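The block underneath contains the structure these notes are about, expressed in structure tokens.
Below, read A as the first sequence line, B as the second, and so on, with proteins coming before strands; counting in each chain starts at 1. Model, not experiment: these values are computed from the prediction.
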Amino acid sequence: MASLALHQTRSFISTFRSSWAQLPAAASLAANLDLRQKSFSWALPGLQSLLELLPPIVLAVPKSKISHSRKSMRSANKGLKDKRNIVNCPACGEPKLAHHACKACYSAIMKRFRMETKRLATETTKRMSGGSWSEVKVPPMIESPKDS
Amino acid sequence: MKHGVAFRKFSRTSSHRNLMLRNLVTSLFEHEQIRTTLPKAKDTARLAEKIITLGKKNNETSYRQAQAFILKPPVLPKLFTTFAERYANRPGGYTRIHRLDNRFGDNAPIALLELVDNPRDFKLEMTARAVGRELLNEKLRWDSPRGVVNSGVQNADIVVAKELNLGGLDSGELRPTTRRNLQKVMKYRGREALTEIGAKASAYIETILAKPVAEAKMQLRADSKEKEKARKRGNPNFVGSFPVLPARAGVALPGETRPAMRLVQGALGRPARWKGRHALA
């Protein structure tokens, strides 16, 4: 196959040379080409020829369909791992991650802060505007069970 | 390799990164408590503490340096008055980072970055709650829940004051971890903080004791609503019980001492080990 390629390229070059030799300016060039062709005797091989030269064992391909059993065996270690850093919140008793803040307590506390801010804002506006409610002291809020 | 390099890049150019951190520090000084991603919180904490040191120095140079850093002018006087006197005796460590849950959209670890001893100190709140719960647990060892409701938990602040002087291995009302947290929180605070913690602990005990009653009431209300809806639909014999608050696994009720992993693995279904410290009758 390589020799065939070589022959093909050689004949191609010879036709090219003959068409070139007709031009007076390219005569010297054609002579150079001739010389060059004589020293390099092999042509550039194509990809197809390379692939055919290599033995088939080098190109990796699965020989057969992986069975269900073998596929499952390979996936045995890929499952999600259990979290073992679960502790009880010392405040509300709900499960939480170790070294993290308790989600329920955090949201309850933040909610109470927001309510207090809102209450203070409305109180100050009421106090500034005046009225019967401006002297009444509001007791500190105890959270509803839904929050904590 | 990144061996020993102390700074994070945050996938931003240097100018963007510096401005972002300046913004975060300014917001922290303005609100005294911010919620951001954990790496940003760590870098912001480091910078914020240096700026608070400038505030503590309280001279012309430090004022100009802080002025060049803080992006909101109203925050600057706060740095030299409020924070300087709040942290006058504290040698460093003016910020605290609490790890929160991961964010929903990208699972980024989120943190709460707060200034220590601020009016809305999260650690103080959690410690007060833990103290309240542990005092209640201690009461429930000797008394039934109804008895505790009738008698109440008195003198929370006296108990708390006693705990301040105990060491790690001494026996008292609180667990060692809670005691340590209480001592840390009270270290640079005055006596009025004790009464504050005592009041918060008592309020939280009331909340815990009221929880089953309130839950039962909410359940009754939800049931009656469902019954009303069914009656309107033309089904008068409807009887249903819809759980309003979902049953959560692994929740430790007051008085529970078994660890969470054991509860989650089914310890509630097995008989508890009787320690024999009180009469059964």
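- In this structure, A:Tyr106 contributes its side chain and B:Phe122 its backbone to no donor-acceptor pair below 3.5 Å.
- Neither the backbone nor the side chain of B:Leu253 comes within less than 4.5 Å of any heavy atom of chain A.
- Taking both residues in full, the closest heavy atoms of A:Ala91 and B:Ile208 are given as O-CD1, 4.4 Å, listed atom of the first, atom of the second, then distance.
- Atom CZ in A:Arg84 sits 4.5 Å away from atom CE in B:Met261 (nearest 0.5 Å).
- One distance of note links CZ of B:Arg258 with CG of A:Asn88; it measures 10.5 Å at 0.5 Å rounding.
- Annotation: side chain of B:Arg35 is not in contact with side chain of A:Met110 (no heavy-atom distance under 4.5 Å).
- Residue A:Lys81 places its NZ atom among more than 12 non-hydrogen atoms of other residues, nucleotides or ligands, all under 6.0 Å distant.
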Item to check | Residue pair A:Cys89, B:Met126: steps toward the side chain to side chain contact (heavy atoms under 4.5 Å, CB included) verdict | outcome: CA-CA 10 Å; A:Cys89 171; B:Met126 287 300 292; 4.1 Å; yes

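- Within the 4.5 Å cutoff, the side chain of B:Leu100 has no heavy atoms near those of the A:Lys103 side chain.
- Here the straight-line distance linking atom CG of A:Leu97 with atom CG of B:Asn102 works out to 8.5 Å at 0.5 Å rounding.
- Top candidate by heavy-atom pairs under 4.5 Å with chain A, chosen from B:Glu134, B:Gln33, B:Glu256, is B:Gln33.
- Note: B:Tyr204 OH to A:Cys105 SG = 5.0 Å, rounded to the nearest 0.5 Å.
- At most 12 heavy atoms of other shown residues, nucleotides or ligands fall within 6.0 angstrom of atom CG in A:Asp82.
- Contacts between A:His100 and chain B at a heavy-atom distance below 4.5 Å involve backbone atoms as well as side-chain atoms.
- Contact tally against chain A (heavy-atom pairs below 4.5 Å) for B:Arg120, B:Lys200, B:Glu125, B:Arg133: the top residue is B:Arg120.
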